[in-house]
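The structure appears right after this line, and notes come after that.
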2 protein chains.
Amino acid sequence: MATTRDRQLHDRQLVEQWRSIQNSYFRTAGAIDRALEAKFDIGLNEFEILDLVAESEESACRMKALGERTPMTQSAVSKVVDRLEKAGLVSRQTCVDDRRSLFLELTEEGRALHANAAVEHRALLKENLGS
Amino acid sequence: MATTRDRQLHDRQLVEQWRSIQNSYFRTAGAIDRALEAKFDIGLNEFEILDLVAESEESACRMKALGERTPMTQSAVSKVVDRLEKAGLVSRQTCVDDRRSLFLELTEEGRALHANAAVEHRALLKENLGS
DNA sequence: ACACATCATATTCCTTGTCATTGAATGACG
DNA sequence: CGTCATTCAATGACAAGGAATATGATGTGT
């Protein structure tokens with residue numbers, strides 16, 4: 001039977017596990033964000049959207065699909081795409097089949113930046129996630 | 001010797017590992033945040049500061065010390081404490097030895113709220129972190 | 001005692017995110 | 001068709017965080 005003391009110990013461990021997750025998450029995200037900002041002038045969220053668009057390059061990428069692949073809100077995604085578009089890295093293409101939807105495409109500049117930034121991104125992941 | 005193909009595979013795994021960390025971090029943090037907000041009207045960051053203050057109850061807690069225990073910025077901590085103070089949950093005590101420093105104390109109300117909120121917090125951690 | 005670097009915290013300004021709402025397009029069905 | 005609900009995306013109002021800076025207190029060297 002579990003004593004009060006057991007529960008307190010267990011709680012303590014849970015909290016420590018959680019803090020350790022938080023720390024490694026923030027450490028990693030922060031390091032990547034700063035590096036990308038410094039070298040490519042784009043933030044982590046922007047890179048991640050760029051990365052998703054690059055991934056689905058073959059199958060033309062709807063905004064909707066992006067929303068399902070990141071923890072970001074729909075409106076956050078919309079704004080990130082705004083910035084990427086203003087920076088000339090992606091373009092929104094209206095879709096004839098369903099005119100509510102949009103397709104996203106990398107511009108040449110976007111493709112080039114992504115290629116370079118991805119190298120940095122993977123390197124920092126490797127460094128921070130160990131393995 | 002590592003082929004190009006090997007590197008691509010490895011990168012893919014890294015990225016997937018990272019996305020999985022992100023998802024579980026956001027899922028957990030989001031769940032806790034919403035629950036605390038709904039039941040106790042305080043956000044996750046506020047609870048975490050409250051939790052740290054409660055922990056160091058014996059040894060009176062300087063702002064500085066808080067900053068070292070969370071991934072939050074110094075200015076973020078300062079603002080979170082503002083809100084906690086406005087909500088009547090903690091109080092800032094000026095420190096006679098070094099008048100740059102502050103000590104934080106839970107008010108009665110803060111101690112009570114923390115006790116209840118902590119139960120919810122641990123339960124959600126358990127649920128989300130598994131174990 | 002004075003000038004100056006350093007430290008703990010607060011504050012300002014800007015960016016980004018969320019929530020709620022909107023607008024437009026589509027689908028479902030009598 | 002005509003209505004009504006639903007879907008996709010954008011927007012505006014607002015809250016929260018970060019960087020840089022301000023403010024005030026301490027320490028240090030001379």
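By convention in this document, chain letters (A, B, ...) are assigned in the order of the sequence lines, proteins followed by strands, and residues within each chain are numbered from 1. Atom set for the values below is all heavy atoms of this structure, side chains included, hydrogens, waters and symmetry mates excluded.
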Heavy-atom check, side chain of A:V90 versus side chain of A:E105, under 4.5 Å: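 They are not in contact (no side-chain heavy atoms under 4.5 Å apart), so the answer is no.
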Sub-4.5 Å side-chain heavy-atom contact between B:N116 and B:E120: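 The answer is no, as the side chains (C-beta and beyond) never meet within the 4.5 Å cut-off.
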Which nucleotide sits closest to the side chain of [X]: [options]?
X      : options                : answer
A:L102 : C:dA10, D:dA9, D:dG17  : D:dA9
A:K64  : D:dA9, C:dT9, C:dG17   : D:dA9
B:N45  : D:dA10, D:dG17, C:dA10 : D:dG17

Axis-to-axis angle between the two ends of the helix from C:dA1-D:dT30 to C:dG30-D:dC1 (five base pairs per end, rounded to 10 degrees):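 Answer rounded to 10°: the end axes differ by 10°.
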Of B:V96 and A:S101, the one whose closest DNA chain D nucleotide lies more 5':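 Counting from the 5' end, the first nearest nucleotide belongs to A:S101.
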SB check B:R12 A:E55 (cutoff 4.0 Å):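 Result for this pair is yes, salt bridge flagged.
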Note: A:R111-A:E108 ion pair, threshold 4.0 Å (strictly below):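 Yes.
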Worked check of ring-ring contact (aromatic ring centres under 6.0 Å, His included) between A:Y25 and B:W18: CA-CA 9 Å; A:Y25 177 76; B:W18 173 241; 5.5 Å; yes
Between [X] ([atom1]) and [N] ([atom2]), how many Å, whole number?
X     : N      : atom1 : atom2 : answer
B:I49 : D:dA16 : CD1   : C1'   : 14 Å
B:M72 : C:dT9  : CE    : C1'   : 16 Å
A:L66 : D:dA10 : CG    : P     : 11 Å
A:L44 : D:dG17 : CG    : P     : 18 Å
B:D97 : D:dT26 : CG    : P     : 10 Å
A:E68 : D:dT7  : CD    : C1'   : 12 Å
A:R83 : C:dC14 : CZ    : P     : 17 Å
B:R99 : D:dG27 : CZ    : C1'   : 15 Å

Which residues satisfy the side chain to side chain donor-acceptor pair (under 3.5 Å) test with [X], sequence neighbours excluded?
X      : value
B:R99  : none
A:S24  : none
A:R122 : A:D51

Phosphate OP1/OP2 of D:dA10: any A:S78 side-chain N/O under 4.0 Å: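 So the side chain of A:S78 is within the cut-off, an N or O lying under 4.0 Å from OP1 or OP2 of D:dA10.
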Partners meeting ring pair (Phe, Tyr, Trp, His ring centres under 6.0 Å) with A:F40 (sequence neighbours left out):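 Testing A:F40 for ring pair (Phe, Tyr, Trp, His ring centres under 6.0 Å), a comparison that skips the adjacent residues, returns none.
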Quick one: which protein N/O atoms are closer than 3.5 Å to N/O atoms of nucleotides 19-24 of chain D? Pair and distance per line, please.
from, atom 1, to, atom 2, distance (Å)
D:dA19, N6, B:S75, OG, 3.3

